[in-house]
Number of protein chains: 2
Amino acid sequence: MKKRIIIIEDNSSIREGFSAVLDTVESYEVVNLYGNCEDALTSIEKDNPDIVLMDIELPGMDGIAGTARIKKQLPNCIVLIITVLEDSEKVFRSLCAGAGGYIVKNSNISEIVQNIDEALAGGAPMSLSIAKMVVQSFRQQQDSPLTERETEVLQSIAEGKSYSKIALDLFVSKETIRTHIKNIYRKLEVSSKADAIKIANSNKWVTGRPL
Amino acid sequence: MKKRIIIIEDNSSIREGFSAVLDTVESYEVVNLYGNCEDALTSIEKDNPDIVLMDIELPGMDGIAGTARIKKQLPNCIVLIITVLEDSEKVFRSLCAGAGGYIVKNSNISEIVQNIDEALAGGAPMSLSIAKMVVQSFRQQQDSPLTERETEVLQSIAEGKSYSKIALDLFVSKETIRTHIKNIYRKLEVSSKADAIKIANSNKWVTGRPL
DNA sequence: AAGCAATCACCCATTTTGGGGGATTTTAGA
DNA sequence: TCTAAAATCCCCCAAAATGGGTGATTGCTT
C-alpha cells in the first residue's frame with residue numbers, strides 16, 4: 001500500500017518541487033498540496049495522510065500550531081517539519097507539538113526519501129545540527145541575579161511545592177523560605193509565584209522540569 | 001598553552017586508555033586521573049582543568065551530580081560525558097547539569113580528539129544518536145488518563161498559576177477549574193499540586209516548561 | 001567596616017486550597 | 001437516539017498558603 005503524503009508549504013516552488021520529487025517514488029503517493037494550515041485542516045480527514053510535510057513559517061496558523069491540530073485529529077499521522085536552520089525555540093516547540101522529525105529545505109531526492117522512510121520506520125529523522133539546536137535550548141542559562149539558594153527555592157516553587165514542603169526538603173525553617181521568596185520577588189520585581197516562574201523560565205534560570 | 005585535561009572514570013582500562021590516547025596529542029596535557037568524583041573534587045582547583053572527561057556511572061557521587069559540582073567550582077571548565085547509549089533521561093539530566101557534550105565510550109583516537117576540539121571551539125559534540133535520545137525525551141508522552149482540558153489545567157498549575165488566574169486564562173469560572181482539579185486529583189490519586197505535577201511530569205503528560 | 005547571603009521570628013489580612021455536596025449543558029460514542 | 005463522559009457552574013467550610021511588613025543573628029568576603 002502506497003504511503004499517502006500531503007505537503008503544507010506556502011512557497012509554491014518548494015511545494016511543487018517536493019511534490020514532483022516524491023511522485024517519482026513508487027511507494028509514495030502525494031495526495032494533496034496546501035499553501036496554509038487552515039485549508040489543509042478542512043480536508044485532512046479525507047486526505048488521510050500517513051505523512052505530512054509541514055513548513056514552520058506559514059501565513060495564518062503557523063506550522064507548530066498546525067502540527068498540534070493535525071496530531072489531534074490523526075494521532076498516527078507523522079508530521080515532518082520542512083525547515084532551514086534558524087530558531088532553536090521553534091524547533092523545540094514543534095517537537096512538543098508532536099513533530100516526528102525534520103527535513104532540511106534544500107535536501108536532495110535521496111535525502112528526502114531517506115528521511116521519510118526513517119520516519120515511517122519509527123525513527124526521528126533530523127540532522128545533527130538540528131538535534132544540537134534542541135539540546136542547546138536546554139543549556140544557555142544566562143547569568144541570574146538570584147543566588148544559588150534562591151534558585152533552588154524558585155525551582156521548588158516551579159515544582160508546585162508549598163513553602164512548608166520546601167523548608168522540609170532544604171532542612172531550614174519555613175520562615176527562611178519566606179525570606180528567600182521575598183528576596184526573589186524583589187529581585188525579579190514580581191509579586192506572585194506564577195510571574196516569578198515565568199521570568200525564571202524564560203531566562204533559563206530554572207530547568208523547567210523537576211530535578 | 002596546552003589544554004589541561006582530567007579524567008574521571010572508575011573503569012581503569014578505559015581511564016588509562018583515554019589517558020594514553022590523549023597524551024599522544026601535542027596540545028593536550030592529562031593532568032590527573034580519578035576513579036570517582038569525590039577524589040576529583042578535592043583537587044579540582046589545583047588541577048584547574050580546561051576539559052573534564054566524566055563517566056556517568058560512578059561509585060558514590062554519579063557523573064551528573066559531579067558535573068554540577070564541577071561547573072559550580074569552575075564554570076569555564078568543559079565537562080564531556082563518556083557514555084554508551086543507554087538512558088535518555090540520564091543524558092538529558094547531564095545536559096541540565098552543564099555537560100558540554102558526549103564522547104562515545106569506544107571511539108577511536110581521531111574521533112575523541114575531534115570531539116574535544118569541537119568542545120574547545122565552543123561546539124556541543126555529540127553523536128546523532130545521542131542528540132536524538134534527548135529529543136525523544138520530550139515526545140513519548142504515554143497515554144494519559146486526563147482529558148485535554150484537564151491536561152491544560154494541570155499544565156497551568158505547573159506554571160504556578162492560581163485557580164483564579166487559570167480561570168481567567170481559560171475564560172471559565174474558578175469553580176470549573178476547581179472541579180477539574182478535583183477530577184485530576186482523583187484520577188492521579190493525589191491530593192496536592194506538587195504531587196500532581198510530579199506524576200504528570202514523570203509521565204510526560206505536561207511539557208515541563210511554560211507553553 | 002560594610003555588604004551580602006542565609007538563617008529565623010512574629011504580626012497581619014487576604015487568598016488559596018482541598019474536600020464535601022449538587023446541578024446543567026455540551027459532546028461524542030454505542 | 002440514548003447514554004456516558006466531559007465541561008461547565010454554584011454553595012459551604014476549615015485549614016493552609018501566601019504576600020507584605022519589620023527586625024535580628026550569623027558568617028563570609030572584600
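By convention in this document, chain letters (A, B, ...) are assigned in the order of the sequence lines, proteins followed by strands, and residues within each chain are numbered from 1.
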Using heavy atoms and a sub-4.0 Å distance, could you list which residues of residues 170-178 of chain A are near DNA chain C? By number, please.
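Listed by number, they are A:Val172, A:Ser173, A:Glu175, A:Thr176, A:Arg178.
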
Could you walk me through whether A:Glu118 and A:Gln114 pass side-chain hydrogen bond (donor to acceptor under 3.5 Å, both in side chains), step by step?
CA-CA 6 Å; A:Glu118 186 182 348; A:Gln114 194 180 315; 5.5 Å; no

Step-by-step salt bridge (charged side-chain N to carboxylate O under 4.0 Å, His left out) determination, B:Lys105 to B:Asp55:
CA-CA 9 Å; B:Lys105 231 157 195 168; B:Asp55 192 14; 3.4 Å; yes

For side chain to side chain contact (heavy atoms under 4.5 Å, CB included), just list the numbers for A:Ile199 and A:Val190, CA-CA rounded to whole Å, side-chain angles, deciding distance to a tenth of an Å, and then say yes or no.
CA-CA 9 Å; A:Ile199 291 189; A:Val190 299; 3.6 Å; yes

Return the CG to CG distance between B:Asn36 and B:Asp62, rounded to the nearest 0.5 Å.
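Interatomic distance, B:Asn36 CG to B:Asp62 CG, rounded to 0.5 Å: 12.0 Å.
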
Whole angstroms only, please: what is the [atom1]-[atom2] distance between [X] and [N]?
X        : N      : atom1 : atom2 : result
A:His180 : D:dG20 : NE2   : C1'   : 17 Å
A:Asn183 : D:dT22 : CG    : C1'   : 14 Å
B:Ile184 : C:dT17 : CD1   : C1'   : 14 Å
B:Ile166 : C:dT15 : CD1   : C1'   : 14 Å
B:Asp195 : C:dG18 : CG    : C1'   : 13 Å
A:Arg186 : D:dG21 : CZ    : P     : 11 Å
A:Ile157 : C:dT17 : CD1   : P     : 12 Å
B:Tyr163 : D:dA17 : OH    : C1'   : 11 Å

Polar atoms only, N or O, under 3.5 Å: list the protein pairs with nucleotides 25-27 of chain D and their distances.
none

Record whether the side chain of B:Thr179 comes under 3.5 Å of the base of D:dC9 through a donor-acceptor pair of N or O atoms.
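Pair found.
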
Distance-only donor-acceptor test (3.5 Å): side chain B:Lys182, base C:dG20:
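Per atom types, the contact qualifies.
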
Proximity to the side chain of A:Ser191 - top-ranked nucleotide from D:dT8, D:dG19, C:dG18:
D:dG19

Closer than 4.0 Å, any side-chain N/O of [X] to the OP1 or OP2 of [N]?
X        : N      : answer
B:Ser162 : C:dT16 : yes
A:Tyr185 : D:dT18 : no
A:Ser164 : D:dA16 : no

Can any side-chain N or O of A:Lys71 pair as donor or acceptor with the backbone N or O of A:Cys77 at less than 3.5 Å?
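Yes; judged by distance alone, with no hydrogens or angles, the pair exists.
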
Side chain B:Glu9, main chain B:Asn11, donor-acceptor under 3.5 Å:
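Yes; at least one donor-acceptor contact below 3.5 Å.
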
With heavy atoms under 4.0 Å as the rule, sort A:Lys193 into base, sugar-phosphate or nothing.
sugar-phosphate

Check the pair B:Ser192, B:Tyr185 against side-chain hydrogen bond (donor to acceptor under 3.5 Å, both in side chains), reporting the backbone distance first and the verdict last.
CA-CA 7 Å; B:Ser192 75; B:Tyr185 284 4; 5.9 Å; no

B:Asp117 and B:Tyr28 side chains, donor-acceptor separation under 3.5 Å
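Looking only at side-chain atoms, B:Asp117 and B:Tyr28 do form a donor-acceptor pair, the distance falling under 3.5 Å.
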
Do B:Ile82 and B:Met54 have side chains that get closer than 4.5 Å, going by heavy atoms?
no

Testing A:Asn32, A:Leu74, A:Ile78, A:Ile5 for side chain to side chain contact (heavy atoms under 4.5 Å, CB included) with A:Pro49, which one passes?
A:Leu74

